[in-house]
Novice: 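To start, I am sharing the structure in question, which I have written as C-alpha cells.
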Amino acid sequence: MKNIVVITGSPRKGGNSDKMANAFIKGAASQGHKLAKIAAADMNIHGCHACDACYSTEKPCIFHDDFNQIAGAILEADVIVLATPMYWFSFSAQIKALIDRWYSLNRSKEGLKGRKECVLLACGADDREHFEGLERTYEIMAEYLQWKDAGRVIAPGVSAVGDIENTDALEMAEALGRKI
C-alpha cells in the first residue's frame with residue numbers, strides 16, 4: 001500500500017483537471033492505497049519568502065499560512081500527483097506557490113527525495129507541443145528531487161468544464177491510478 005497525495009491546482013471546482021484527479025484517485029483507491037487530496041486553490045498559500053528560516057527551526061516554514069497544515073502529508077507521501085490546468089505554458093499559480101514552498105521541506109538530508117511523481121495536465125490548447133515547457137519543468141523537478149516519473153496524462157483541447165469527458169483522459173488517469 002502506498003501513501004499518495006494528489007494536489008490539484010485549478011480554481012475551478014469540478015473542472016477538467018479536477019475530474020482527472022478524481023479519476024486517478026478512483027483507480028488508486030481500487031488498489032487499496034492511502035489517498036489524500038489537497039486543493040491548492042482552496043488554501044491560503046503564499047510563495048516562498050527566501051528567508052531560509054526553515055533551515056533553523058523545527059517547522060516547515062515560519063510564515064503562518066495553510067502550507068504548514070499540509071507539509072506533513074507531503075513529506076510522508078510515497079507518490080505525489082500534480083493535477084493542474086496549464087496556464088501560460090506552466091503550472092497554475094495556485095499549485096506553483098505550493099511547489100515553491102517545497103524548498104522548506106528539503107532542509108533535512110532526506111527532504112523530498114526519492115518519491116514517485118505523476119502529472120495530470122489539461123488545457124484548451126489543441127497542440128500537444130504547447131505542453132513542452134510544463135513537461136520540461138516537471139522533468140527538471142523530478143531530476144532535482146531524484147523522483148521517478150510514474151506517469152503522465154495530458155489532455156489538450158479541453159477548455160470548458162466537462163470537455164474532458166469527450167476524451168480518453170479520464171480512463172487514462174484511472175488506469176494510471178490503478179497501476180501506481
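Since we're looking at a predicted model, the values are computed, not measured.
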Novice: Suppose we screen for ring-ring contact (aromatic ring centres under 6.0 Å, His included). Which residues come up paired with Y138, at least two apart in sequence or across chains?
Specialist: none
Novice: For residues 117-133, run the donor-acceptor check on the side chains, cut-off 3.5 Å, and write out each pair with its distance to 0.1 Å, sequence neighbours left out.
Specialist:
residue : atom : partner : partner atom : Å
R128    : NH1  : E135    : OE1          : 2.6
R128    : NH2  : E135    : OE2          : 3.4
H130    : ND1  : D127    : O            : 3.4

Novice: Looking only at atom types and distance, does a side-chain atom of R178 sit under 3.5 Å from a main-chain N or O of S30, one as donor and one as acceptor?
Specialist: no
Novice: Quick one: salt bridge (Lys or Arg N to Asp or Glu O under 4.0 Å) partners of D168, sequence neighbours excluded?
Specialist: none
Novice: Cut-off 3.5 Å, no hydrogens considered: what does the side-chain donor-acceptor table look like for residues 31-43, sequence neighbours left out?
Specialist:
residue : atom : partner : partner atom : Å
H33     : ND1  : K2      : N            : 2.9
K37     : NZ   : D18     : OD1          : 2.7
K37     : NZ   : N22     : OD1          : 2.6
D42     : OD1  : K13     : NZ           : 2.5
D42     : OD2  : K13     : NZ           : 2.8

Novice: According to the ring-ring contact (aromatic ring centres under 6.0 Å, His included) rule, which pairs have a member within residues 146-180, sequence neighbours left out?
Specialist: W102-W147
Novice: Who passes salt bridge (Lys or Arg N to Asp or Glu O under 4.0 Å) against D78, sequence neighbours left out?
Specialist: none
Novice: For H46, which residues count as a ring-ring contact (aromatic ring centres under 6.0 Å, His included) partner, sequence neighbours excluded?
Specialist: none
Novice: Between N44 and D66 (side chain of the first, backbone of the second, donor and acceptor by atom type, cut-off under 3.5 Å), is there such a pair?
Specialist: no
Novice: Please list every donor-acceptor pair under 3.5 Å in which a side-chain atom of residues 159-167 meets a protein atom from a residue at least two apart or in another chain.
Specialist:
residue : atom : partner : partner atom : Å
D163    : OD2  : S159    : N            : 3.0
D163    : OD2  : A160    : N            : 2.9
E165    : OE2  : K19     : NZ           : 2.6
T167    : OG1  : I164    : O            : 2.8
T167    : OG1  : A169    : N            : 3.1

Novice: Only counting residues at least two apart or in another chain, list the ones meeting salt bridge (Lys or Arg N to Asp or Glu O under 4.0 Å) with D52.
Specialist: none
Novice: Search all heavy atoms of L75 against all heavy atoms of G111 and return the closest pair with its distance.
Specialist: CD2-O, 3.9 Å
Novice: Determine, step by step, whether I7 and I70 satisfy the side-chain contact (heavy atoms from CB on, under 4.5 Å) criterion, reporting the C-alpha distance in whole Å, the side-chain angles of both residues, the deciding distance to 0.1 Å, and the verdict.
Specialist: CA-CA 10 Å; I7 302 170; I70 61 170; over 6 Å; no
Novice: Name all residues meeting the salt bridge (Lys or Arg N to Asp or Glu O under 4.0 Å) criterion together with K116; count only those two or more places apart in sequence or in a different chain, and write none if there are none.
Specialist: none
Novice: Tell me every residue that passes side-chain hydrogen bond (donor to acceptor under 3.5 Å, both in side chains) with T84, counting only those two or more places apart in sequence or in another chain.
Specialist: S92
Novice: Taking the hydrophobic residues Ile, Leu, Val, Met, Phe, Trp and Tyr, and joining any pair whose side-chain heavy atoms are under 4.5 Å apart, which ones share a cluster with I140?
Specialist: none
